[in-house]
Amino acid sequence: MKMWVYITRRILLIIPVIIGVMTITFGLVSLLPIQDKLISHYGRTKVGYAQNVLCTSLGIQQPGTCPNPAYYNGVHQLGLDQPIFVQWAHYIWNSLTLNWGTTDTGSYASQQLGFSGSLHITTVLGYLLPYTLELAAISLFIILALAIPLGNYSAVYRNRPIDQAARVMSFSGFALPGFLLGTLLLLGVTAAMGHVTACGAKSDAFDYWYGSWAPSFCFPGSKYPSFIGSYYQTTPTGFPTLDSALAGDWSLAADSLRRMLLPAFVIAFGAIAAILRFVRNSMLEVMNLDFVRTARSKGVPERSVVARHAGRNSLNVTITVLGLTFAGFVGGFPIIESVFHLRGIGLLLAYSIQPNYDYGLIFGATLLFTLIVVIANIVVDVLYAYLDPRVRLG
Amino acid sequence: MAATTKPAIAAVLEKKRPNPRIAQMRRTLYFLSRNVLAILGIGILIFLIGVAVYGIAFDPESATAMQYYCGTYTGVGSSSSGSVIGCTSVCTYPIGTPPPAPNCYPTDAYNPSLVAPTIDLAHLHGGPLPLGSLTVQLAGSSFFSIYQGFVKGAEWSLLISTSIVAAGATIGLVLGSVAGYKGGYTDEVIMRVTDIFLSIPGLLLVLVILAVVSGSFPTLWGRILILIGGFTVTWWPIYTRIVRGQVLVTREQKYVEASRAAGAKTGRILSRHIIPNSMYPVFVQMSLDVGAIPLAVAAIIFLGFQIFPSVNFPEWGTMAAQSVPAISSVLIQCQINSSCYFPWWQLLFPGLIVFLFAISVNFVSDGLRDALDPRLRR
């Protein structure tokens, strides 16, 4: 099979998965009380959406409660009185055509992120996605840069101190919750650096590592540079670090990168725990294979045997494991982003599950995270097929 | 006469050739006992289970009642600079009811000599000893003893994590063995559904389920039930995948074929031959997951999601999660003021409990994996 045929086939195969995921979220949405659905569509500021209200509040001079026309109109307009299959089809169609609804102006998330009025959820997600992707890219880099060499070393020096150290690191990665490690690192950095001014004005080390951008007082005239928009979305690409670099503002780019360093490390630390062991075990298996013995017996230097013969062949497993753990790794973003107050989809999700739920944002963010995982899995599969031709030939 | 000799003969035969499954278990235990870390993990786990048993059997108060102290938490300056406003009585309140007005004297159930009216903030903040240390709640005006939370939380944490893992493993075992054994369309459908569930990040699915359903379950047991249900929904696909993979190997074995040739029905083959011989990887995964669940609960609580009806709930993850924001706020104050009162034990002890539980479970499961896999035995 040619590579492009394989890729096309793989992409076509995810359509049922995506529809399945949307069906699950639809099932959850349909568990919501109708009142909540109306609120998340029409917003909190409008009239109440209780099914029955006091008659006097509707202008009917009569004791007791009467059916609320706002409720029934809303139910009719949203098609909630139609059969469940029709609702499902509507839901899938709207999800596929990126019609994900609008944010709730009264929700905690809207207030915290300073949305003026009701925005389209896809717009909000579009503003915040690049922040999350940048963080993911940096942590992925840290994972690969640490897990593969460490795993190889601990296989080569099996049961020696470096192997034991890697073991302990792996165990603590499993056992230390991300929020605890993040807070401890913040504490450590604060203790080590003491009072550090972020930009000449009075600030402190804690603030220095906190948030996606330097506080506004760091900029002359309390104004952010022109390439940062009203919701901190940046032009032209939307990726904050990249855009600051493109605009020639190197200090801002460095600042943004530095703020992502600790969170990326915390995310990576949890993921390395799982990947390290797999790399070690697959390396141990490969090291016992015949071609490694052949390479050794024909006098290839040991370093080259480890790096070229064994290392490259154990890479397949690494990539598979990376794909398998990606969902867990992405699931950690809400916590890490709220520990470090980084802007991103995770923080958005963390804000939208606060007492004034914003169901639109909750479902939007979940769907987006799932899409990221699905796409990452395709990339992993394609990479795997590229590295191991047996996959696409078989 | 014959009635007495027959069991004796059977016993001798049993002794001579033990059941291969039991022999396997003995081998596993032998290799496990040679792994120092696994023994350490088992020791810690036995201690924690002992704590839970102690809490159930000997703790005078019920698991849903916490001693609750009021005080004003300033966190800045010397320890005695704060003042206690409106503290009039010692209070214990059951979980599941809203917290009472903050009018409780700072007293200590384990040190009755320190009972009010000596209002002493130094004592309220606790000290470096775990038995006397208090942890702060989110509002910053109420405290409970970390020791008490540790003892009472043991029951809740162990209950929640074991029931989630048991439920997930049961579902996974049934679906995975059916998918692996039947093959064809059954396999295809079950595995595609599993793929769909696996592609939603687990923690997010739990969050969404809790956000949607929690409004309809206001009681304590209702909340614990949806917590268990929500985690089970995210946890079963992993087990299904593991079991299916294992069953695909097991079903090709000769003894399965022999059983089928002897005319055994599908149910019997699955329950007597395939499932018992596919269980070991499931045990490893189960032992791994038991430790991960308090961490996941802690993560959800940390995000500000109130699972339990009361803020003041004795669950290990909850304690650890709630201590973090309080400590962070003190940290900010410590940055601004050069001298500050920093209650490090409020972060250390709850965090240590969760960490110890998770890491001991990991030691055990790693030891199990090594003992079960001949290639990894040292």
Side-chain angles (χ1 to χ4, degrees), chain A residues 16-17 20-21 23-25 28-29 31-33 36 159 167 170-172 174-180 182-184 186-187 190 195 204-207 277 281 284-285 324 327-335 338-339 349-355 357 359 362-363 365-366 369-370 373-374 377, chain B residues 37 192-193 195-213 215-216 233 288 291-292 294-296 298-300 302-306 317 320-321 324-325 327-328 331-332 334-336 338 344 347 351 354-363 366 373 375-376 378:
Chain A
V17 172
V21 167
T23 309
I24 291 173
T25 54
L28 286 168
V29 168
L31 286 178
L32 274 180
D36 282 331
N159 292 341
R167 231 181 153 82
S170 163
F171 281 132
S172 7
F174 275 121
L176 255 186
F179 65 85
L180 205 58
T183 313
L184 288 176
L186 274 177
L187 277 168
T190 313
H195 290 260
D204 45 61
F206 196 66
D207 206 46
R277 278 193 216 178
N281 289 350
L284 277 179
E285 261 170 45
L324 283 178
F329 154 73
V330 160
F333 274 77
I335 293 129
S338 32
V339 170
L349 189 72
Y351 281 154
S352 21
I353 56 163
Q354 300 302 321
Y357 295 129
Y359 288 108
I362 293 177
F363 283 105
T366 308
F369 269 130
T370 310
V373 171
V374 170
N377 278 332
Chain B
L37 283 185
R192 287 298 82 76
V193 173
D195 282 351
I196 290 165
F197 272 94
L198 276 177
S199 58
I200 306 178
L203 198 63
L204 302 193
L205 190 56
V206 177
L207 273 179
V208 175
I209 292 173
L210 291 179
V212 168
V213 195
S216 347
V233 168
L288 208 70
L295 303 188
I300 291 174
F302 176 77
L303 288 176
F305 194 96
Q306 199 189 326
V324 166
I327 285 286
S328 299
L331 186 72
I332 293 172
C334 281
Q335 279 294 309
I336 296 166
S338 51
W344 48 270
L347 185 68
V354 179
F355 179 76
L356 268 185
F357 180 55
I359 208 163
S360 62
V361 160
N362 267 297
F363 284 158
D366 197 61
D373 193 341
R375 286 170 305 174
L376 298 176
R378 284 176 294 270

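Chain naming here is simple, since letters A, B, ... match the order of the sequence lines and numbering starts at 1 in each.
- With contacts defined as side-chain heavy-atom distances shorter than 4.5 Å, the pair Thr370(A)/Leu205(B) does not qualify.
- When all heavy atoms of Ser199(B) and Val17(A) are compared, the closest pair comes out as OG-CG1, 3.8 Å.
- Heavy atoms closer than 4.5 Å to chain B are found in both the backbone and the side chain of Ser172(A).
- Both the backbone and the side chain of Val21(A) come within less than 4.5 Å of a heavy atom in chain B.
- Using a 4.5 Å heavy-atom threshold, the side chains of Phe355(B) and Leu180(A) count as separate.
- Interface remark: Tyr359(A) contributes side-chain atoms only to the contact with chain B (heavy atom separation under 4.5 Å).
- Note: Leu37(B) CG to Phe171(A) CZ = 6.0 Å, rounded to the nearest 0.5 Å.
- Note: Ile24(A) CD1 to Ile196(B) CD1 = 6.0 Å, rounded to the nearest 0.5 Å.
- Chain A forms more heavy-atom pairs under 4.5 Å with one residue of Gly202(B), Ala298(B), Gly291(B) than with any other, namely Ala298(B).
- Of all the listed residues (Phe174(A), Phe329(A), Phe179(A)), the one sharing the greatest number of non-hydrogen pairs under 4.5 Å with chain B is Phe179(A).
- When the side chain to side chain donor-acceptor pair (under 3.5 Å) test is applied to Ser170(A), the partners found at least two apart in sequence or on another chain are Arg277(A).
- For a residue to count as touching a neighbouring chain, one of its non-hydrogen atoms must lie under 4.5 Å from one of that chain's; by this rule Ala299(B) touches chain A with backbone and side chain alike.
- With Pro334(A) as the partner, the side chain to side chain contact (heavy atoms under 4.5 Å, CB included) test is satisfied by one option alone out of Leu204(B), Ile300(B), Leu203(B): Leu204(B).
- Residue Leu176(A) touches chain B through both its backbone and its side chain, counting heavy-atom pairs closer than 4.5 Å.
- Across Ile362(A) and Ala211(B), no two heavy atoms sit closer than the pair CD1-CB, 4.1 Å.
- Side-chain contact between Phe302(B) and Val339(A) is present, with at least one heavy-atom pair separated by less than 4.5 Å.
- For chain A, the nearby parts of Phe363(B) are the backbone and the side chain; heavy atoms of each come within less than 4.5 Å.
- Phe363(A) touches chain B through its side chain: at least one heavy atom from C-beta onward sits under 4.5 Å away, while N, CA, C and O do not.
- Side chains of Ile200(B) and Thr366(A) form a contact here, defined as non-hydrogen atoms less than 4.5 Å apart.
- Leu349(A) CG to Leu303(B) CG: the interatomic distance, rounded to the nearest 0.5 Å, is 7.5 Å.
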